Amino acid sequence: MVKFLHLKYNEKSVSVTKALTVRFLTKRFIGEYASNFDSVYNKHMCLERKQLNLEIYDSCSQTQKAKFSLTSELHWADGFVIVYDISDRSSFAFAKALIYRIRAPQTSHCKRAVDSAVFLVGNKRDLCHVREVGWEEGQKLALDNRCQFCELSAAEQSLEVEMMFIRIIKDILINVKLKEKRRPSGSKSMAKLINNVFGKRRKSV
């Protein structure tokens, strides 16, 4: 199971960013969605000869929820897609705050072996004529915080939306392999435990 969280800004952009997820799942674009509830989507797919079950939690991070801690999400999510509206600077500021929260030093109870995969997405590329956030700003924020980055239009670029999700899924799979390499096997752990116990006994004799 690959689980990741899809975060976006407030009611102004929620319909299009929820459309980003639906675009990936169904290849259809629907512009209007209810903006006052969270959604959980599931998708089965085959990638690089591997059968994957995806669970996408599409969070309704409205203005009144702007200060949520992300503690539980940091614990269970394998990756994060953070979306802002290139025609709304305040949405970029909120996306920046989310990235800082994800990349902040983690407490022991939610510390992860490797960094979570994070993809920063500048949406509504079809509205470049009213752009408030430059491409360079998004790219710099992503580079400074070890994230992938792209700009796209959920309304017009179905292929780009699919490729963005595939890229973060690949990042997640790489992280899973890194975790497995760093995690000692059960037999090694047991041998180490036995050696520690009996080693101490020998020293005490």
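If you're wondering where the values come from, they're calculated on a predicted model, not measured in any experiment.
For the atom pair I168 CD1 and L173 CG, the distance stands at 11.0 Å (nearest 0.5 Å). A distance of 10.5 Å separates CE of M163 from SG of C150, quoted to the nearest 0.5 Å. Here the OG atom belonging to S153 is positioned 9.0 Å from the CD atom belonging to E160, to the nearest 0.5 angstrom. Once rounded to the nearest 0.5 Å, the distance linking CD1 of I169 with CD1 of I174 reads 12.5 Å. For the atom pair CG of L159 and NZ of K27, the computed distance is 8.0 Å after rounding to the nearest 0.5 Å.
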Quiz item: Please walk me through it: do D78 and N175 pass side-chain contact (heavy atoms from CB on, under 4.5 Å)?
Solution: CA-CA 9 Å; D78 295 313; N175 284 350; over 6 Å; no

Quiz prompt | Audit row: V81, M164, side-chain contact (heavy atoms from CB on, under 4.5 Å) steps and yes/no | solution = CA-CA 9 Å; V81 178; M164 180 273 294; 4.1 Å; yes

Practice problem: With side-chain contact (heavy atoms from CB on, under 4.5 Å) as the test, would you mind laying out the steps for Y84 and N123 before giving the verdict? | Solution: CA-CA 6 Å; Y84 68 92; N123 194 20; over 6 Å; no

Quiz item: Would E137 and R89 count as a salt bridge (Lys or Arg N to Asp or Glu O under 4.0 Å) if you check the C-alpha gap in whole Å, the side-chain angles of each, and the deciding distance to 0.1 Å?
Solution: CA-CA 11 Å; E137 294 178 86; R89 177 156 290 278; 2.8 Å; yes

Quiz item: Please walk me through it: do I82 and I99 pass side-chain contact (heavy atoms from CB on, under 4.5 Å)?
Solution: CA-CA 8 Å; I82 300 178; I99 289 177; 3.5 Å; yes

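The shortest heavy-atom contact between L120 and A95 is CD1-CB, 4.1 Å. I172 approaches A117 most closely through the heavy-atom pair CG1-CB, 3.9 Å. The two residues K124 and S87 come nearest to each other via the heavy atoms CD-OG, 4.3 Å. Taking every heavy atom of both residues into account, A154 and L20 meet most closely at CB-CD1, 3.7 Å. Shortest non-hydrogen contact noted between A155 and R23 is O-NH2, 3.0 Å. The minimum heavy-atom distance between E162 and F24, with the atom names listed, is CA-CD1, 4.0 Å.
Here the side chains of V22 and Y41 are in contact, with some heavy-atom distance below 4.5 Å. At least one side-chain heavy atom of V40 sits less than 4.5 Å from a side-chain heavy atom of E55. Side chains of V118 and I102 form a contact here, defined as non-hydrogen atoms less than 4.5 Å apart. In this structure, S116 and F80 have side chains that are in contact, with non-hydrogen atoms separated by less than 4.5 Å.
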Between side-chain atoms of residues 140-147 and protein atoms elsewhere (two or more places apart, or another chain), which donor-acceptor pairs fall under 3.5 Å?
residue	atom	partner	partner atom	Å
K140	NZ	D144	OD2	2.7
N145	ND2	L141	O	2.9
R146	NE	D115	OD2	2.7
R146	NH2	D115	OD2	3.0

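V161 and L25 fall within the same hydrophobic cluster, defined by Ile, Leu, Val, Met, Phe, Trp and Tyr side-chain heavy atoms under 4.5 Å apart, directly or through other members.
Under the 3.5 Å distance criterion, with hydrogens and angles disregarded, no donor-acceptor pair is assigned to the side chains of D85 and S91.
The closest donor-acceptor contact from the side chain of Q139 to the backbone of W135 lies at 3.5 Å or more, if one exists at all. Looking at H44, its side chain does come within 3.5 Å of a backbone N or O of L52 through a donor-acceptor pair.
Residues satisfying the salt bridge (Lys or Arg N to Asp or Glu O under 4.0 Å) criterion with R131, sequence neighbours excluded, are E151. Remark: E48 engages K170 in a salt bridge (Lys or Arg N to Asp or Glu O under 4.0 Å) (not counting sequence neighbours). Listed by chain and number, the residues in a salt bridge (Lys or Arg N to Asp or Glu O under 4.0 Å) with K43 amount to none (sequence neighbours excluded). Residues forming a ring-ring contact (aromatic ring centres under 6.0 Å, His included) with F119 (at least two apart in sequence, or on another chain): none. Checked against salt bridge (Lys or Arg N to Asp or Glu O under 4.0 Å), E156 has no partners two or more places apart in sequence or in another chain.
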